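Note that the structure is a prediction, hence the values are computed from the model and not measured.
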Amino acid sequence: MSGAQAVTDQVKPKDVVDELVEFTRKDMEAVNEMLLARVGSRVEMVPEIASYLIDAGGKRLRPMLTIAAAQLFTPQNSHHINYAAAVEFMHTATLLHDDVVDESSKRRGKLAARMVWGNAASVLVGDFLLGQAFMMMVETRDVDALGVLSQAAAIIAEGEVFQLSKANDLSTQVDEYFAVIKAKTAALFEAATEVGAMAGGATEAQRKALKSFGAELGIAFQIVDDVLDYGGASGTIGKNVGDDLREGKMTLPILHALQNASESDRDFIKTNLGDPEASAETVSKVVEILQSTNALADALARAQQHAEHAKAHLKEFAHLPGGRILIDVADYCVERAY
């Protein structure tokens with residue numbers, strides 16, 4: 001039985017998320033109160049746009065990871081609440097900015113904010129949320145944690161620019177793909193778990209373990225997201241499938257296919273990559289190519305490797321309820337593709 005199959009048999013994604021939600025419930029209530037308080041503004045459009053995205057149904061996985069990491073230890077104050085709220089605002093800001101850069105029309109099944117209020121307003125409200133995030137960090141007076149989250153913000157922006165520069169670039173290498181996802185996705189997961197550990201009073205070694213867990217988890221999470229954009233393990237065509245193709249993103253499934261497909265199939269991918277008007281039939285054909293070259297399965301196997309690395313960093317905490325839940329979250333990140 002493969003590692004991915006074992007995950008499928010042993011982990012029920014909804015149960016894992018429910019356990020994480022329950023484990024972090026009390027502190028996440030405080031986080032949510034802080035988020036609602038901080039979206040207030042005299043400018044009516046600011047809370048409208050911020051609340052539109054915040055209320056759109058995201059799992060709030062990143063702030064829950066911050067809370068769960070802190071609860072592995074014994075927080076002596078409420079700093080982890082500030083950090084979790086800051087992490088969520090940073091994530092929300094990147095979604096607003098990303099949708100503008102990618103010219104996306106949908107986000108979490110709803111019209112993207114840019115489609116309702118325009119690009120300029122979306123970018124500026126994203127900037128507002130980043131400002132609020134930094135204010136919440138500063139209020140803790142913990143310069144080390146501020147440094148961790150500030151560095152993450154810079155790395156995320158750099159990763160987005162790098163991804164933009166590689167759009168439709170058929171010379172993109174696999175190591176460049178990983179450089180992009182380590183920056184644009186894994187950096188925030190890494191910072192989220194590291195500052196949670198810091199707020200909980202972790203030792204230097206424990207802080208490093210949680211940081212490494214977050215980094216590996218973030219890589220696995222993004223690879224799976226990229227597979228899901230082509231229908232997941234089964235390649236099932238559904239809503240929003242193929243957005244990465246239309247946006248010209250050089251993701252791992254596409255890179256695998258370009259390396260292993262026939263010349264005619266490679267030409268088909270190259271012709272349609274970056275075509276915003278690519279039809280459902282075109283996307284379906286690309287998915288068939290990804291399936292025939294094992295591109296989706298290979299990408300998921302790579303995601304599983306990173307999930308295993310993530311879990312290995314938490315061996316010290318496996319006997320704790322929170323440690324077990326975080327280990328299960330690593331499996332969940334891959335399982336959602338099946």
Quiz item: E103 and R114: salt bridge (Lys or Arg N to Asp or Glu O under 4.0 Å), yes or no, with the steps?
Solution: CA-CA 8 Å; E103 299 182 349; R114 62 177 288 270; 5.8 Å; no
Exercise. State plainly whether the residues D229 and R246 are in salt-bridge range, i.e. N to O under 4.0 Å.
Key: no
Could you pull out all donor-acceptor pairs under 3.5 Å where a side-chain atom in residues 142-155 meets a protein atom, sequence neighbours excluded?
residue : atom : partner : partner atom : Å
D142    : OD1  : D144    : N            : 3.1
D142    : OD1  : A145    : N            : 3.1
S150    : OG   : L146    : O            : 2.7

Quiz item: Would a hydrophobic clustering, with Ile, Leu, Val, Met, Phe, Trp and Tyr connected at side-chain separations under 4.5 Å, put L36 with M135?
Solution: no
Quiz item: Which residue pairs pass the salt bridge (charged side-chain N to carboxylate O under 4.0 Å, His left out) test with at least one member in residues 250-262, sequence neighbours excluded?
Solution: none
Quiz item: Would you call T293 and Q259 a side-chain contact if the rule is heavy atoms closer than 4.5 Å?
Solution: no
Quiz item: When rounded to the nearest 0.5 angstrom, what is the spacing between CG in D98 and CD in Q163?
Solution: 7.5 Å
Quiz item: For D99 and K106, what are the C-alpha separation, side-chain angles and deciding distance, and is it a salt bridge (Lys or Arg N to Asp or Glu O under 4.0 Å)?
Solution: CA-CA 8 Å; D99 285 345; K106 290 289 185 69; over 6 Å; no
Practice problem: Find out whether R324 and H319 are in side-chain contact, i.e. whether some heavy atom of one side chain is under 4.5 Å from a heavy atom of the other. | Solution: no
Quiz item: Quick one: are D226 and Y177 in side-chain contact, heavy atoms under 4.5 Å?
Solution: yes
Quiz item: What about V195 and M137, same hydrophobic cluster or not, with Ile/Leu/Val/Met/Phe/Trp/Tyr joined at side-chain heavy-atom distances under 4.5 Å?
Solution: yes
Exercise. Check whether any side-chain heavy atom of I219 sits under 4.5 Å from a side-chain heavy atom of I223, and report yes or no.
Key: yes
Quiz item: L188, L96: one ILVMFWY side-chain cluster at the under-4.5 Å cut-off?
Solution: no
Quiz item: Does any non-hydrogen side-chain atom of L217 lie less than 4.5 Å from one of Q222?
Solution: no
Quiz item: Got a sec, which residues hit side-chain hydrogen bond (donor to acceptor under 3.5 Å, both in side chains) with T203, two or more places apart in sequence or on another chain?
Solution: Q206
Quiz prompt | Sole candidate of L210, L326, I325 that passes side chain to side chain contact (heavy atoms under 4.5 Å, CB included) when paired with F317 | solution = L210
Quiz item: Should V87 and T66 count as side-chain neighbours, where that means a heavy-atom distance under 4.5 Å?
Solution: yes
Quiz item: With sequence neighbours left out, what residues match A337 under side-chain contact (heavy atoms from CB on, under 4.5 Å)?
Solution: V224, L228, L300
Quiz item: If every non-hydrogen atom of V39 is compared with every non-hydrogen atom of V46, which pair is closest and at what distance?
Solution: O-CG1, 4.1 Å
Quiz prompt | Heavy-atom closest pair, residues A113 and I49 | solution = CB-CG2, 4.1 Å
Practice problem: With sequence neighbours left out, write down each residue that passes side-chain hydrogen bond (donor to acceptor under 3.5 Å, both in side chains) with E48, or none if nothing qualifies. | Solution: W117
Quiz item: Does anything in residues 284-297 pair up under salt bridge (charged side-chain N to carboxylate O under 4.0 Å, His left out), and if so which pairs, sequence neighbours excluded?
Solution: D265-K285
Practice problem: Could you name each residue pair satisfying side chain to side chain donor-acceptor pair (under 3.5 Å) that touches residues 122-134, not counting sequence neighbours? | Solution: H97-D127
Quiz item: Looking at side-chain heavy atoms only, is the closest gap between F89 and M136 below 4.5 Å?
Solution: yes
Self-check item: Between Y332 and D15, a side-chain donor and acceptor under 3.5 Å
Solution: no
Practice problem: Carefully, step by step, assess M28 and V21 under the rule side-chain contact (heavy atoms from CB on, under 4.5 Å). | Solution: CA-CA 8 Å; M28 280 301 296; V21 168; over 6 Å; no
Self-check item: Nonpolar side-chain network containing V101, other nodes, edges under 4.5 Å
Solution: L164
Exercise. Answer yes or no: is there an ion pair linking K26 with E29, defined by an N-O contact shorter than 4.0 Å?
Key: no
Quiz item: Do L95 and M45 belong to the same hydrophobic cluster, where Ile, Leu, Val, Met, Phe, Trp and Tyr are linked whenever their side-chain heavy atoms lie under 4.5 Å apart, directly or via other members?
Solution: yes
Quiz item: Can R62 be said to sit on top of F221's aromatic six-ring, NZ or CZ under 6.0 Å from centre and within 45° of the ring axis?
Solution: yes
Self-check item: NZ/NE/NH1/NH2 to OD/OE distance under 4.0 Å, R302 and D298
Solution: no
Self-check item: Interatomic distance, I269 atom CD1 to T282 atom OG1 [nearest 0.5 angstrom]
Solution: 12.0 Å
Quiz item: Can you name the side-chain contact (heavy atoms from CB on, under 4.5 Å) partners of H313, sequence neighbours left out?
Solution: S212, F213, E216
Quiz item: Could you walk me through whether L245 and L273 pass the side-chain contact (heavy atoms from CB on, under 4.5 Å) check?
Solution: CA-CA 5 Å; L245 179 78; L273 188 68; 3.9 Å; yes
Practice problem: Please report the closest heavy-atom contact between A295 and P253, naming both atoms and the distance. | Solution: CB-O, 3.3 Å
Quiz prompt | For M250, the option from L258, V180, V174 that meets side chain to side chain contact (heavy atoms under 4.5 Å, CB included) | solution = L258
Self-check item: Distance (rounded to the nearest 0.5 Å) between Y83 OH and S78 OG
Solution: 9.5 Å
Practice problem: Answer yes or no: is there a donor N or O on one side and an acceptor on the other, between the side chain of T185 and the main chain of G218, under 3.5 Å? | Solution: no
Quiz item: At what distance, to the nearest 0.5 angstrom, does CG of L65 lie from CZ of R60?
Solution: 14.0 Å
Exercise. Test side-chain contact (heavy atoms from CB on, under 4.5 Å) on V31 and T24 and set out the steps.
Key: CA-CA 10 Å; V31 171; T24 61; over 6 Å; no
Self-check item: For E263, all residues meeting side-chain contact (heavy atoms from CB on, under 4.5 Å), sequence neighbours excluded
Solution: R266, D267
Quiz item: Which distance, rounded to the nearest 0.5 Å, do you find between the CG of N260 and the CG of L290?
Solution: 11.0 Å
Quiz item: Do you know which two heavy atoms are closest between A307 and A220, and how far apart they sit?
Solution: N-CB, 4.0 Å
Quiz item: Tell me, which pairs form a side chain to side chain donor-acceptor pair (under 3.5 Å) where one or both residues lie in residues 188-202, sequence neighbours left out?
Solution: E194-R207
Quiz item: Is the cationic atom of K110 (NZ for Lys, CZ for Arg) positioned less than 6.0 Å from the six-membered ring centroid of Y52 and within 45 degrees of its normal?
Solution: yes
Exercise. Over all heavy atoms of both residues, which pair between M115 and S105 is shortest? Give the atoms and the distance, please.
Key: CG-O, 3.5 Å
Quiz item: How many angstroms lie between NE2 in H80 and CG in D27, if you round to the nearest 0.5 Å?
Solution: 3.5 Å
Self-check item: same_hphob_cluster(L170, I289) at 4.5 Å side-chain heavy-atom cutoff
Solution: yes
Quiz item: Stepwise, does the side chain to side chain donor-acceptor pair (under 3.5 Å) test hold for Y230 with D244?
Solution: CA-CA 8 Å; Y230 291 100; D244 285 353; 5.6 Å; no
Quiz item: Looking at E176 and Q173, what are the two nearest heavy atoms and their distance?
Solution: OE1-N, 2.8 Å
Quiz prompt | Results of side-chain contact (heavy atoms from CB on, under 4.5 Å) for E139 - residues two or more places apart only | solution = R38, N82
Quiz item: S104 versus D243: any side-chain heavy-atom pair under 4.5 Å?
Solution: no
